[in-house]
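Input: a single structure, listed below in structure tokens.
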Amino acid sequence: MESIKIDTEPKIELISDTREVEQIASKLDSMPLVAVDTETEGLDPYKHKVLLFQIGNLEEQFIIDCRKASIEPLRRILEGQKPKVLQNAKFDYKMVKHAFGIDMENMVDTMLIEQVLTSGLSDRRYGLASLSEQYLDVKADKSERQSFINHTGEFNENQLIYARNDLIYTLQVLSHQMKKVSEEGLGHTVKLECLAVGAFGDMEYNGILLDRDKWCSILKEEKVKKDEAREKMDSILSPHSDMDLFGMVSINYDSEEQLKNALAKIGIKVDDTSKLTISRINHPIAQAILDYREHQKVVSSYGEGFLEHINNITGRIHPSFRQIGASSGRTSCTEPNLQNIKADSRFRSCFVAPEGRRLVVADYSGCELRIIAELSDDPVFLGTFRNGGDLHSIVASAIFKTKVSKTENPELRQRAKTINFGLAYGMGSQGLSASLEISEDEARELLDKYFQSYPLVKRYLDKSSDEAIKNRYSTTIGGRKRYYEINDQSDSRTIASIVRQAKNAPIQGTNADMTKLALIWIRNKIKEKKLDACLVNTIHDEIVVECDEKIAEEVGYIVKEYMIKAGEFYLHKVPVDVEYSISGCWEK
DNA sequence: ATCTGTGGCGCG
DNA sequence: AAAGCGCGCCACAGAT
């Protein structure tokens with residue numbers, strides 16, 4: 001690895017005059033690729049200022065003191081087609097968007113590229129310091145970053161060196177990465193992820209509005225129900241339990257061990273206290289436990305901690321998205337996680353559009369099954385989607401030899417749904433017998449029937465896992481890879497687990513690809529048509545857009561149109577379908 | 001007092 | 001010991 005000496009270069013000049021910024025704009029025009037970075041007072045775009053704005057290539061770097069000079073002369077470069085490489089681009093995007101009203105476009109993110117290159121591999125670090133060490137053999141010192149927090153006054157030489165080095169390291173890391181990207185055939189995925197940065201930046205920046213009063217009143221109901229369930233548990237268990245000084249039952253029902261002990265005292269022995277195990281107990285305590293659990297979970301998840309995520313400046317909730325949050329390519333969401341809000345419409349409907357605005361909520365229908373149809377070439381799967389039929393019903397009719405539709409024998413349709421999603425991803429007869437509450441023999445029979453009816457699905461899934469084991473990676477239709485750590489020491493359990501992961505990875509990953517492409521295109525369309533609309537959330541196969549009520553119909557059409565286009569960019573054998581609603585709140 | 005792993009469960 | 005994939009968050013338990 002080459003080592004670059006840069007720390008000994010002469011004094012770094014700090015640009016603190018807007019006229020100088022105008023001059024560097026023309027210099028930047030002649031650079032085909034530039035690196036961009038910022039130093040900020042902190043992490044929150046709504047609270048913290050941008051102190052330094054750095055831009056340049058390997059030959060020349062410019063550091064602008066944003067407290068004294070405006071970067072307005074750079075707007076056309078930042079908003080234009082020139083590629084800008086950044087480490088963790090979404091962060092700088094949001095800071096620059098808020099501070100200067102500039103939406104950077106055509107960003108290239110070394111962090112996301114690294115995640116694409118190593119998806120599925122363990123113990124990976126994606127910070128610039130790690131990447132510099134890995135690719136450049138230099139120890140980048142990130143401790144200087146701390147010095148910018150709440151910084152005032154002049155900048156010292158070390159701070160400026162730090163600010164400049166980040167640009168240089170980022171550019172050098174990128175050129176190493178791009179070699180690997182082309183060797184691995186990951187060009188499309190890298191492009192997709194980099195173009196999607198703006199969409200995820202926007203969703204975080206825009207946030208979503210929560211009707212706090214309504215939320216709290218639901219929470220109050222939940223607390224009451226939780227207490228009722230606990231009293232019920234107490235009444236059953238207390239005659240057999242230890243009392244504390246006040247004669248109260250002193251069982252902590254949140255403790256698995258204490259719960260097991262309490263159950264043992266009334267003659268119920270269980271190995272675990274999972275929902276499934278509890279639900280099989282033939283005793284009134286079972287329902288009380290399940291009720292308690294459900295309400296306890298809600299109260300703890302959506303209580304004080306959740307409400308703290310309301311930003312006191314915008315009054316909205318601004319979650320953090322990890323754009324590549326799962327090794328499949330899916331996004332994950334934290335602080336708070338807005339991808340696992342109870343589907344129970346009481347809670348979702350508390351996420352609202354402000355006065356005069358609407359939410360467009362759109363999702364792909366049967367997305368993963370369509371992807372299975374595309375990849376497996378199964379004639380029934382393909383035919384069903386081409387004819388607009390209901391696959392779960394058709395599968396149910398085939399394996400249960402009974403007429404099934406959404407209205408006839410709906411319980412069989414529900415079972416087929418379980419089978420479709422379970423077996424497709426490697427569920428065994430044991431798992432199936434558990435989730436359908438049937439004997440293992442019956443489950444085995446069902447499983448055989450399923451794969452007899454859809455031999456191409458079985459062949460496809462087997463091929464998926466065979467190839468994954470052979471290649472040590474899976475690929476999606478878009479070419480995204482998920483790598484597996486397999487070696488000669490891998491035991492059979494590890495291999496079995498990888499076999500199941502590999503059956504799922506191309507399907508879940510292709511879904512992620514198409515949703516991300518849809519986000520890119522929808523955002524572009526909104527900007528192009530200057531619509532009063534913004535992305536506010538995405539949940540794997542669903543996209544939520546907030547807009548002025550007067551254009552809600554138009555936005556609905558656009559969202560649907562581009563989701564379908566994005567889907568059909570990857571799927572050619574099956575039509576893609578999107579359902580959407582326009583409402584004052586988040587509901588399907 | 002703070003960290004880590006685990007069981008349990010919400011969503012797709 | 002555990003066998004369908006992918007996540008994040010809560011409380012607990014045990015450790016530091």
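Residue numbers begin at 1 in each chain, while the letters A, B, ... track the order of the sequences.
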Mark yes or no for whether [X], through its side chain, and [Y], through its backbone, hold a donor-acceptor pair below 3.5 Å.
| X | Y | answer |
| --- | --- | --- |
| A/S300 | A/Q296 | yes |
| A/Q508 | A/R330 | no |
| A/H318 | A/Y205 | yes |

Under 4.0 Å protein heavy-atom contacts per nucleotide of nucleotides 2-15 of chain C, with B for base, S for backbone only and - for none
BBBBBSBBSSSS--

What interatomic distance, in whole Å, is found between [atom1] of [M] and the corresponding atom of [N]?
| N | M | atom1 | answer |
| --- | --- | --- | --- |
| C/dA1 | B/dT6 | P | 15 Å |
| B/dT4 | C/dA3 | P | 26 Å |
| C/dA2 | B/dG7 | P | 8 Å |

Going 5' to 3' on DNA chain B, which nucleotide is the first and which the last to come under 4.0 Å of a heavy atom in chain A?
B/dG7 to B/dG12

A/S365 versus A/R370: any side-chain heavy-atom pair under 4.5 Å?
yes

Side-chain contact test, heavy atoms from C-beta onward, threshold under 4.5 Å: evaluate it for A/L369 versus A/N420 and give yes or no.
yes

Please work out if [X] contacts a base, only the sugar-phosphate, or nothing of the nucleic acid, heavy-atom cut-off 4.0 Å.
| X | value |
| --- | --- |
| A/N511 | nothing |
| A/K275 | sugar-phosphate |
| A/A343 | sugar-phosphate |
| A/T331 | nothing |

Name all stems that contain residues of DNA chain C, defined as runs of 3 or more consecutive Watson-Crick or G-U wobble pairs, both distances under 3.5 Å.
B:1-12 with C:5-16

Would you mind checking if [Y] and [X] are paired as a salt bridge, meaning a charged N to carboxylate O distance below 4.0 Å?
| X | Y | result |
| --- | --- | --- |
| A/E294 | A/K342 | yes |
| A/R125 | A/E114 | no |
| A/K225 | A/D291 | no |

Taking atom OG of A/S497 and atom OH of A/Y484, what is their separation to the nearest 0.5 Å?
9.5 Å

Examine the side chains of A/E368 and A/Y425 and answer whether a donor and an acceptor come within less than 3.5 Å of each other.
yes

Taking the ring centre of each residue, are A/F385 and A/F381 less than 6.0 Å apart?
no

